[in-house]
Amino acid sequence: MGVKILYVEDNPDNRLLVRRILMVEGYTVVEAFDAAQGIAAAQRELPDLILMDMNLPEMDGYTLTRHLRAIPELRNVPIVAMTANVMHGDREKSIEAGCNGYIPKPIDVDLLPEQVARFLHREDDNEG
Ligand code: MN
């Protein structure tokens, strides 16, 4: 079984970019473009990692992360915030909402594989 990553993102250009990068790395990529889809996909797919655009329409990524964290099966899945909002304590806000970390936008195509691998690896280390 491969490693499955759920990407919640409303911007189609970002979805295409991230999907291409992650598929080259051999990951299975599941996409959702809003919070309702994100919750449904997360419960259905039980991904190994969730990449979360924090700036979503209707329900934002912070609120969505809190919803996902309340689902027992998803409690230990790493959730990584992706946002251009690097000011005003947004990193801290992401962590408080239940994210494990943060990948800044714009997405760096050269760095993304390493950034994702680090969060997948961190999950393995948490047990020890
Ligand atoms: Mn967005």
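When a ligand or atom number is given, it counts from 1 through the structure's own listing order.
Interatomic distance, Glu114 CD to His121 NE2, rounded to the nearest 0.5 Å: 12.5 Å. Summarising the geometry, atom CE belonging to Met54 is positioned 4.0 Å from atom OG belonging to Ser94; distances are rounded to the nearest 0.5 Å. Separation of atoms CG (Asn55) and CG (Asp10) is listed at 6.5 Å; rounding is to 0.5 Å.
Among the backbone and side-chain atoms of Glu9, none of the N, O or S atoms lies under 2.8 Å from the Mn ion (ligand 1). Taking 2.8 Å as the threshold, Met54 does not count as a candidate ligand of the Mn ion (ligand 1), since none of its N, O or S atoms lies below it.
Hydrophobic clustering places Leu56 together with Ile39 (ILVMFWY residues linked when any side-chain heavy atoms are closer than 4.5 Å, directly or through intermediates).
In Asp10, the N, O or S atom that comes nearest to the Mn ion (ligand 1) is OD1. Asp53 contributes OD2 as its N, O or S atom closest to the Mn ion (ligand 1).
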